[in-house]
Enquirer: 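Here you go, one structure.
Protein chains get the first letters and strands the later ones, always in sequence-line order, with residue 1 at the start of each. Below, each value reflects all heavy atoms present in this structure, side chains not excepted, and no hydrogens, waters or symmetry copies.
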Amino acid sequence: MAAPRLRFAPSPTGYLHVGNARALLFNWLVARRQGGEMLLRIEDTDVDRSRPELTDDILDQIRWLGLEWDGEPVHQSERLHLYAKAADTLLAAGHAYWCDCTSEQVQRRAAERGGPPGYDGHCRDRGLAGGEGTALRFRVPDEGTTSFDDIVRGSVSFDNAKLEDFVLLRSSGIPTFLLANVVDDAEMGITHVVRGDDHVNGTPKYLLIGRTLGLDHHPVFAHLPQLVNEQRKKLSKRRDSVSVAEFRDAGYLPEAMVNYLALLGWGPPDGVEIRPLDEIVELFRLEDVTPSPAFFDVRKLQHVNATYIRALEPDRFVARARPFFAHGQATEHVVAPIAELVRDRVRLLTEVEPMVDFLRDDEVTIDDESWRKHVVKHGERAGAMLDAAIAGLGACDWRADAIEAVLVEAAATAGFVNPEGRPQMSKAQGPVRVAVTGRAVGPPLYESLVVLGRGRTLDRLRAARAAL
RNA sequence: GCCCCCAUCGUCCAGUGGCCUAGGACGCCGCCCUUUCAAGGCGGUAACACGGGUUCGAAUCCCGUUGGGGGUGCCA
């Protein structure tokens with residue numbers, strides 16, 4: 001069998017969202033796996049809705065995900081002549097006819113009939129000539145069935161009698177998706193049509209057009225299950241926050257995003273979910289894709305993202321978090337020394353800066369609740385702890401181990417000890433941590449103090465002591 | 001309404017007639033580790049929608065019911 005050719009065919013009527021990205025990924029995986037190509041086709045025939053700038057966004061997101069296409073992107077708006085020619089062929093052969101019904105008329109007649117909505121074939125035999133206000137409709141056969149084999153769904157068939165005569169060319173002369181899609185797939189030599197299963201019902205029309213046109217085009221189909229929200233509804237750009245750009249901006253790594261997306265509707269045979277893309281390429285098979293809809297679970301995505309972040313070398317971690325620093329260099333300067341410690345505590349790259357701001361800023365704001373629960377609650381001991389810390393830290397070496405020794409000693413002095421008389425650092429570090437970082441949670445304390453510096457550490461400890 | 005689908009833990013995936021007293025992952029809960037928080041280790045919670053068949057035997061095959069989704073545009 002010749003090298004497969006796949007295509008990702010987004011419409012620039014919206015941003016690239018995770019559902020598109022998943023379809024893109026599956027196409028890309030098949031192409032890579034089988035040594036074929038994945039082409040990119042921009043379906044911009046709807047002049048009213050297509051927005052050129054969205055094409056740029058889509059291309060940007062595809063590049064960001066690292067799922068690049070082969071060759072030059074094809075724009076349908078530049079190939080209108082191909083569709084016009086196909087329409088002529090169908091018309092000449094009597095497989096299409098002109099119709100001057102407005103959609104209002106079509107709907108009204110359907111309502112009056114009380115029957116199913118849709119076009120009733122009103123203009124089939126009227127012999128109208130094309131021109132102003134007329135659309136070209138495909139004449140669907142009255143009998144027979146149109147069926148196809150779908151890699152994920154098995155055999156699917158439709159009764160032609162249930163298909164309405166659909167529009168090929170709008171009255172503006174611009175082709176619809178139905179026509180352009182088939183003509184292009186044939187012309188581009190597409191062998192695998194892998195797309196969302198919202199296209200299943202349109203597939204018989206695709207087949208009918210191709211067949212009637214006499215195209216030697218027999219792609220295999222794979223309709224991917226829908227990605228749904230918590231209400232089990234198809235993800236919607238309006239209802240759900242699903243644009244790929246939003247995830248990028250929220251601090252997700254593209255490789256984590258791609259890995260997670262691969263897990264929706266598919267799973268590796270050995271159960272190892274988080275793994276390099278090249279391994280997924282090797283394992284992926286359309287035959288293994290599940291036919292049921294999958295819930296897009298942001299929590300699991302976060303877990304995958306955190307795992308990818310933790311796998312980063314410390315300097316790489318800092319480099320990749322850098323674009324998310326509002327304070328740039330200043331933040332980078334304080335993160336770098338404790339990169340590994342911070343890295344293991346974040347799920348998103350956007351969480352890095354807020355975790356270390358206390359190291360960067362001159363002033364620290366004390367969180368009320370932390371102050372109450374970790375300082376005030378300990379009463380006298382908290383004051384004693386701060387006093388001992390101030391005394392000890394004023395003179396020790398400024399290294400993590402020396403700082404630890406001082407604070408352990410301070411804990412014993414202040415009475416933070418367990419029943420066996422051992423210093424109890426889980427509680428003793430509280431007053432110091434809150435005084436210095438402003439809150440109860442954060443990176444490991446001793447290492448943080450090293451970065452903060454003796455001066456600012458002592459200032460903050462004294463300020464807290466005074467406030468007690 | 002009509003057409004096309006889907007149906008295993010809360011969620012994602014495994015399971016393709018006996019290996020299933022149903023497995024892994026996320027989440028959640030507990031314990032351990034521990035300078036907070038994470039991470040890590042250990043353990044736990046939790047599912048074959050229902051009813052009929054077929055079969056020696058069904059989560060796996062068939063039919064029906066129920067539930068859910070998608071489509072039904074001069075959108076894609």
Enquirer: If you find the nucleotide of RNA chain B closest to Trp266(A) and the one closest to Lys205(A), which residue's nucleotide is nearer the 5' end?
Expert: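 Nearest nucleotide further toward 5': that of Trp266(A).
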Enquirer: Regarding Arg360(A) and Glu353(A), does a basic nitrogen lie under 4.0 Å from an acidic carboxylate oxygen?
Expert: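 Looking at Glu353(A) together with Arg360(A), the answer is yes, because their closest N to O distance falls below 4.0 Å.
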Enquirer: Which word best sums up how the rings of His95(A) and Phe138(A) line up, parallel for under 30°, tilted for 30 to 60°, or perpendicular for over 60°?
Expert: parallel
Enquirer: Could you check which of rG70(B), rU11(B), rG40(B) has an atom nearest any side-chain atom of Arg310(A)?
Expert: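 Selected nucleotide: rG40(B).
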Enquirer: Kindly give the atom pairs (protein nitrogen or oxygen, nucleotide nitrogen or oxygen) under 3.5 Å for nucleotides 41-47 of chain B.
Expert:
none

Enquirer: Verify the contact: side-chain N or O of Lys162(A) to OP1 or OP2 of rG71(B), cut-off strictly under 4.0 Å; return yes or no.
Expert: no
Enquirer: Over how many whole Å does the gap from Leu224(A) atom CG to rC5(B) atom C1' extend?
Expert: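 Leu224(A) atom CG is separated from rC5(B) atom C1' by 14 Å.
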Enquirer: Expressed in angstrom and rounded to an integer, what is the separation of Asp149(A) atom CG from rC4(B) atom C1'?
Expert: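 Those two atoms, CG and C1', are 15 Å apart.
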Enquirer: Examine rC37(B): is either OP1 or OP2 under 4.0 Å from a nitrogen or oxygen in the side chain of Arg343(A)? Give yes or no.
Expert: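 For rC37(B), OP1/OP2 do not have a side-chain N/O of Arg343(A) under 4.0 Å.
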Enquirer: To the nearest Å, give me how far apart CG (Asn259(A)) and C1' (rC12(B)) are.
Expert: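 Roughly 13 Å, once rounded to whole Å.
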Enquirer: Using a cut-off of strictly less than 4.0 Å between a heavy atom of the residue and any atom of RNA chain B, enumerate the qualifying residues of residues 279-290 of chain A by number.
Expert: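 Within residues 279-290 of chain A, the residues near RNA chain B are Asp288(A), Thr290(A).
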Enquirer: In terms of the nearest nucleotide of RNA chain B, which residue is placed more toward the 5' end: Thr45(A) or Gly271(A)?
Expert: Gly271(A)
Enquirer: Given the ring of Phe26(A), does Arg22(A) sit roughly above its face, with NZ or CZ under 6.0 Å from the centre of the six-membered ring and within 45° of the axis?
Expert: yes
Enquirer: Salt-bridge test for Arg49(A) and Asp46(A): reply yes if a basic N is under 4.0 Å from a carboxylate O, no otherwise.
Expert: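 Yes, this pair counts.
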Enquirer: How close or far is atom P of rG70(B) from atom CZ of Phe158(A), stated in whole angstroms?
Expert: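 Between P of rG70(B) and CZ of Phe158(A): 16 Å.
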Enquirer: Counting side-chain heavy atoms from C-beta on, which of rA76(B), rC5(B), rC3(B) comes nearest to Asn201(A)?
Expert: rC3(B)
Enquirer: Does NZ or CZ of Arg137(A) lie under 6.0 Å from the centre of the six-membered ring of Tyr119(A), at an angle within 45° of the ring axis?
Expert: yes
Enquirer: Within the side chain of Arg345(A), is there an N or O that forms a donor-acceptor pair under 3.5 Å with the backbone of Leu341(A)?
Expert: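 Flag set: sc Arg345(A) to bb Leu341(A) pair under 3.5 Å.
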Enquirer: With both distances kept under 3.5 Å, what pairs with rG73(B), Watson-Crick or G-U wobble?
Expert: none
Enquirer: Would you mind checking if Arg343(A) and Glu340(A) are paired as a salt bridge, meaning a charged N to carboxylate O distance below 4.0 Å?
Expert: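 A salt bridge links Glu340(A) with Arg343(A).
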Enquirer: Could you work out which one of rC6(B), rA76(B), rC26(B) sits closest to the side chain of Asp297(A)?
Expert: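 Nearest listed nucleotide: rC26(B).
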Enquirer: Ile209(A) and Leu178(A): which non-hydrogen atoms are nearest, and at how many Å?
Expert: CD1-O, 3.6 Å
Enquirer: Taking the inter-plane angle between the rings of Phe148(A) and Phe158(A) on a 0 to 90° scale, is it parallel (under 30°), tilted (30 to 60°) or perpendicular (over 60°)?
Expert: parallel
Enquirer: Rounded to whole angstroms, how far apart are CD on Glu340(A) and C1' on rG40(B)?
Expert: 14 Å
Enquirer: With no hydrogens and no angle check, is any side-chain donor or acceptor of Asn27(A) less than 3.5 Å from a backbone partner on Ala23(A)?
Expert: yes
Enquirer: Check whether NZ of the Lys or CZ of the Arg Arg195(A) lies under 6.0 Å from the centre of the six-membered ring of Tyr206(A) and within 45 degrees of that ring's axis.
Expert: yes
Enquirer: Counting primed atoms plus P, OP1 and OP2 as sugar-phosphate and everything else as base, spell out the protein contacts along nucleotides 27-36 of chain B at 4.0 Å heavy-atom distance: B, S or - for each nucleotide, 5' to 3'.
Expert: S-------BB
Enquirer: Tell me whether the guanidinium CZ or amine NZ of Arg126(A) lies under 6.0 angstrom from the six-membered ring centre of Tyr97(A) and within 45° of its axis.
Expert: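 Verdict for Tyr97(A): no cation-pi partner in Arg126(A).
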Enquirer: Calculate the interatomic distance between Ile151(A) atom CD1 and rC5(B) atom P; express it in whole Å.
Expert: 17 Å
Enquirer: Could you state the atom-to-atom distance from OH of Tyr97(A) to C1' of rC74(B) in whole Å?
Expert: 13 Å
Enquirer: Could you state the OH-P distance from Tyr119(A) to rG71(B), rounded to the nearest angstrom?
Expert: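 For the pair Tyr119(A) OH and rG71(B) P, the rounded distance is 24 Å.
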